[in-house]
**Q** 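Can you read through this structure? Questions will come right after.
Residue indices begin at 1 and follow the sequence shown. Atoms within each ligand, like the ligands themselves, are counted from 1 in listed order.
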Amino acid sequence: MKSFEPPRRTLMGPGPSDVHPRVLEAMARPTIGHLDPAFVGLMDEICGLLRQTFRTENALTFPVSGPGSVGMEACFVNLLEPGDTIIVCQNGVFGGRMKQMAERCGATVVMVTSPWGRAVDVAAVEEAVKAHPEASVLGFVHAETSTGARSDAETLAALAQRHGMLTIVDTVTSLGGIPLEVDAWGLDAVYSGTQKCLSCPPGLSPVTFSARAVERVKARSHDVQSWFMDLRLVMGYWQGGAKRAYHHTAPINALYGLHEALVMLHELGLENSWARHHEAHARLKRGLDTLGLELLVPEAERLPQLNSVCIPDGVDDAEVRSALLEQHGLEIGAGLGDLAGKVWRIGLMGQGADERHVDFCLEALRAVLSEQRAKVAVSA
Ligand SMILES: *Cc1c(COP(=O)(O)O)cnc(C)c1O
């Protein structure tokens, strides 16, 4: 047996995104104990940096030990009890996953569906909210990575608040990539991931809970069915300071990496990071225009960090993606669900949101598509 040597790749799919060498170096530093006073300091700094990134003063803000899906499940299992009603907005894959999680919590789920590739339809949500006064939570995805559509989190949260509902908001792909204002918009249970616009390896899920959400958790009449994700237990670990109670062993080296990624984001500035994603998207769009390729999502609802490109007629989806990978070391994403075979997903996330990545991707696509077209012309 030999050590594993990963091939060199450029990651421009729906995540994971390219990780900066500074983050990888940080992760290679010596492991220390998770109750070491030095580690307590690191945990506190990470929570502070996450508050800045989420734009919140929420005391309960920390990275869940697990990928985005674990942060997601942590929000659902803590905010929902058997018999509760939740309204879930679905305009892609991840709204569907919200439904599955809510059902496993014993909740009644009211779905509001919008077409894939479009933002969540606020008017339809408003109707559902009015028709279901018993609903206590509204769940939606801010940045739908399966399609590249951005929903209006601010308006949806305001609607929920007017009706006394809490919100569960998926910001896995939005954090660091587009404006996200947890406090100003009044979001309640918000989860994200490290592997998208934070340019960190997968495996951690930053979350933040409003005071209202924490009250709801404290007032539960049933224990959270998951021991690991029960916020009442995890709180003591992340908020206990020097008196932290052992809950689980935090993934020490992964947290070194997250800390470094957040320090880098802090150095760049959050607004500059949003601008960087926007500029990279504009450059990609201009290049796609010259290649005659179109984006799926209408301009006003587009995410800069995830671009769904319509696959032209006669072009073989899988062949193009494997040629990009084999000949250029470039990974882009395939379409999911209803969009399988219809779109490619080009991610411009974190470190990948720069001119170098955009130009490399456009050049590789140009080369592979001209090969494909030549083949089609020959066989025709
Ligand atoms: C990637 C993603 C997730 C899941 O994150 P994992 O780290 O893969 O578990 C959830 N929601 C959205 C919108 C995502 O893009």
Side-chain angles (χ1 to χ4, degrees), residues 11-19 23 50 54 62-77 88-102 104 114 116-120 139-153 156 167-178 180 182 187 189-208 226 228-229 251 254-255 257-258 261 277 296-297 301-308 331-339 343-350 352-353:
L11 301 180
M12 297 184 70
S17 57
D18 275 351
V19 177
V23 173
L50 283 178
F54 275 124
F62 67 98
V64 172
S65 303
S69 306
V70 180
M72 182 177 193
E73 195 140 20
C75 292
F76 281 84
V77 298
V88 169
C89 309
Q90 181 172 18
N91 60 339
V93 165
F94 292 100
R97 194 176 281 185
M98 282 187 163
K99 174 177 190 269
Q100 292 173 2
M101 287 188 182
R104 287 182 186 225
S114 304
W116 287 48
R118 298 300 307 271
V120 167
F140 62 90
V141 179
H142 184 205
E144 192 29 279
T145 323
S146 64
T147 68
R150 174 206 309 237
S151 290
D152 185 350
L156 289 167
T167 45
I168 296 181
V169 188
D170 181 320
T171 66
V172 174
T173 288
S174 53
L175 189 68
I178 51 170
L180 167 66
V182 167
L187 312 180
V190 182
Y191 60 91
S192 190
T194 45
Q195 49 143 326
K196 315 267 167 118
C197 295
L198 298 183
S199 280
C200 220
L204 289 168
S205 178
V207 294
T208 185
S226 159
F228 184 70
M229 284 179 268
L255 288 166
L258 174 59
H277 285 84
L296 172 79
V297 177
E301 298 169 7
R302 265 176 213 156
L303 288 172
Q305 66 272 49
L306 195 289
N307 298 269
S308 282
E331 179 181 288
I332 65 167
L336 291 179
D338 296 352
L339 295 174
V343 300
W344 293 308
R345 291 181 299 150
I346 300 178
L348 300 172
M349 299 181 178

**Q** Measure the distance from atom 3 (C) of ligand 1 to every protein heavy atom, then report the residue, atom name and distance (to 0.1 Å) of the closest one.
**A** F94 CE2, 3.4 Å
**Q** Looking only at atom types and distance, does a side-chain atom of D18 sit under 3.5 Å from a main-chain N or O of G352, one as donor and one as acceptor?
**A** no
**Q** Report, in ascending order of atom number, the atoms of ligand 1 lying under 4.0 Å from any heavy atom of T173.
**A** 15 (O)
**Q** Apply side chain to side chain contact (heavy atoms under 4.5 Å, CB included) to residues R150 and L303 and explain how you reach the verdict.
**A** CA-CA 5 Å; R150 174 206 309 237; L303 288 172; 3.5 Å; yes
**Q** Tell me whether M72 reaches ligand 1 (any heavy atom closer than 4.0 angstrom to a ligand atom).
**A** no
**Q** Quick one: does any side-chain atom of E301 pair with a main-chain N or O of A119 as donor and acceptor, under 3.5 Å?
**A** yes
**Q** Which residue supplies the protein heavy atom nearest to atom 1 (C) of ligand 1, what is that atom called, and how far is it?
**A** K196 NZ, 1.6 Å
**Q** For the pair S151 (side chain) and V120 (backbone), establish whether a donor and an acceptor sit closer than 3.5 Å, ignoring hydrogens and angles.
**A** yes
**Q** Is any side-chain heavy atom of V70 closer than 4.5 Å to one of Y191?
**A** no
**Q** What is the nearest protein non-hydrogen atom to atom 5 (O) of ligand 1, stated with its residue, atom name and distance?
**A** G68 CA, 3.5 Å
**Q** Give the minimum heavy-atom separation between S146 and F94, together with the two atoms involved.
**A** N-CE1, 4.4 Å
**Q** Tell me: protein heavy atom nearest atom 15 (O) of ligand 1, and distance?
**A** T145 OG1, 2.4 Å
**Q** Hey, is the main chain of T147 close enough, under 3.5 Å, to the side chain of S308 for a donor-acceptor pair?
**A** yes
**Q** Should E144 be listed as contacting ligand 1, given a heavy-atom distance under 4.0 Å as the test?
**A** no
**Q** Starting from atom 4 (C) of ligand 1, which protein heavy atom do you reach first, and at what distance in Å?
**A** S69 OG, 3.7 Å
**Q** To which protein heavy atom is atom 8 (O) of ligand 1 closest, and what is the distance rounded to 0.1 Å?
**A** Q195 NE2, 3.3 Å
**Q** Can you find a heavy atom in the side chain of C197 that is under 4.5 Å from one in the side chain of H277?
**A** yes
**Q** Looking at atom 11 (N) of ligand 1, what's its closest protein heavy atom, distance included?
**A** D170 OD2, 2.7 Å
**Q** May I ask you to identify, for A143, whether its side chain, its backbone, both or neither come under 4.0 Å of ligand 1 on a heavy-atom basis?
**A** backbone
**Q** G203: heavy atom below 4.0 Å from ligand 1, yes or no?
**A** no
